[in-house]
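This report refers to the structure that appears directly beneath it.
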There are 2 protein chains.
Amino acid sequence: MKFAAVDVRQSASAADLVYEALRKAIIEGKIAVGDNLRQEEIAQMFNTSRIPVREALSRLEQHGLITTQRYKGAVVAGLSIEEIDEIFEFRALIEAEVMRLAVPNLDRATLDKARTYCDAFDRETDPHRWGEINRQFHTTLYEASGRPYYLQNVQSSLDRIDRYLRAQLTFTNGVPRAGREHEAILAACEKGDADLASRLTRDHILDAGRALMSFLRDQRG
Amino acid sequence: MKFAAVDVRQSASAADLVYEALRKAIIEGKIAVGDNLRQEEIAQMFNTSRIPVREALSRLEQHGLITTQRYKGAVVAGLSIEEIDEIFEFRALIEAEVMRLAVPNLDRATLDKARTYCDAFDRETDPHRWGEINRQFHTTLYEASGRPYYLQNVQSSLDRIDRYLRAQLTFTNGVPRAGREHEAILAACEKGDADLASRLTRDHILDAGRALMSFLRDQRG
DNA sequence: TATAGAAAAATTGGATCCAATATACAATAT
DNA sequence: ATATTGTATATTGGATCCAATTTTTCTATA
């Protein structure tokens, strides 16, 4: 007789853990652009050897989060104004489409969950938490689209610019319109108006992009 | 006195070479879905050790080209009908947009280059070459958009489905409309009609997608 | 013969060691 | 004093070795 297959939760490899931890640190801006990522140092931080660290770094490079040079090591990749601009444009395109595809599939539970994040966003006073809550609000709605490949690309593009968004939110004490824009998007979702929700999502992202642009231009001179 | 700086071509690492070679083999369909990728075997093929091979495999997994399981190894990732469908939908969205952005920047040289590939596509009799030429035709035009991030995503999504397209082209002896559709797209580009070029690109991709879908449904039963 | 279990082989993930290269710094010449 | 050269150190890329686990083979038994 056979037992039912137990989901033994294939424990993640060291490389996976290092990758996830570094990814998180980079997108949250904990590691500054240009900072050297020393393999030995990271290995010691995770109580492991350089082999899994190198694997993790290699993956991060594939995602554009770091750049490496032979025998010189890795640094967190910075983005030019033009690159940031392009990523916002890209996000506006695909997230608007994902939103459109999601609306017909939204159920009560999902809308309620989104409402929770929306309220949490408005109430939250710690700027460091906004990035995360904002992401969860949008992701919750997007997931209803049933488009995992789109979702992956949304996450990936957001990863690249998240730390800039967070820096902006922290410095400027929030994007004042963001809360109201979330409300509007959620209202359109409640009404089942896919076109409106899509349009508002697009504007919401482009708005944030414009705000970030002018913030960065001020900062960088 | 100084010599002109010689581009010493930072020689790529073994991991880079292995990655590129495997990527090419996978997207061209030289390695079948489900085939085991043995680290030792690959290492011997490239006269190297398993370390760079593992790095390469790790990157391939990040791009969704293979899947790995701890202690079990890597296999080329197959795509379900639904996944393929979603990727075509995604491509239609972003490639149409890239085309729209490219048209205003197209110059004579680029158009001529695209014309060359377009003609080559029509003349080519070896089905195995179509995939490559088709890709070059589109990429040539897309590059004028000046959107590297979009381009990267275009390549990445094409990588995932290229081998299915190639299989289809080989089996069905070509997609009859593809040549005419290329002509139409190029004509719209010559006219500078961004909207039309964009719309035709979208239809071109959705057409190919529909053809591939019915081909695969027949094949898979 | 067919099957369950044990032993052997194969395979992966990670640690340690070595080679290649870059950087930092001291010694030397102008 | 400054620039240049040589050397030591640090750091990365890769090879080899070991541990954990899976897969295969073999063997004993019903």
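Heavy-atom basis, side chains included; hydrogens, waters and symmetry copies ignored. Because the structure is predicted, anything quoted here is derived from the model rather than measured. Order of the sequence lines sets the chain letters (A, B, ...), proteins ahead of strands, with each chain counted from 1.
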Net bend of the helix from dT1(C)-dA30(D) to dT30(C)-dA1(D), end axes of five pairs each, nearest 10 degrees: 10°

Non-neighbouring partners of F90(B) that pass ring pair (Phe, Tyr, Trp, His ring centres under 6.0 Å), sequence neighbours left out: Y149(A), Y150(A)

Footprint string (nucleotides 11-18 of chain C, 5' to 3'): B base within contact, S backbone only, - free, heavy atoms under 4.0 Å: SBBBBB--

Aromatic ring pairing F137(A)/H182(A), orientation class (parallel under 30°, perpendicular over 60°, tilted between): tilted

Salt-bridge present (R147(B), E89(A); N to O < 4.0 Å): yes

Polar contact flag, side-chain donor to acceptor under 3.5 angstrom, T201(B)-E95(B): no

Residues in side-chain hydrogen bond (donor to acceptor under 3.5 Å, both in side chains) contact with Q44(A), at least two apart in sequence or another chain: E40(A)

Set of residues satisfying ring pair (Phe, Tyr, Trp, His ring centres under 6.0 Å) with respect to Y142(B), sequence neighbours excluded: H138(B)

Counterpart residues, ring pair (Phe, Tyr, Trp, His ring centres under 6.0 Å), relative to F215(A) (two or more places apart): F171(A)

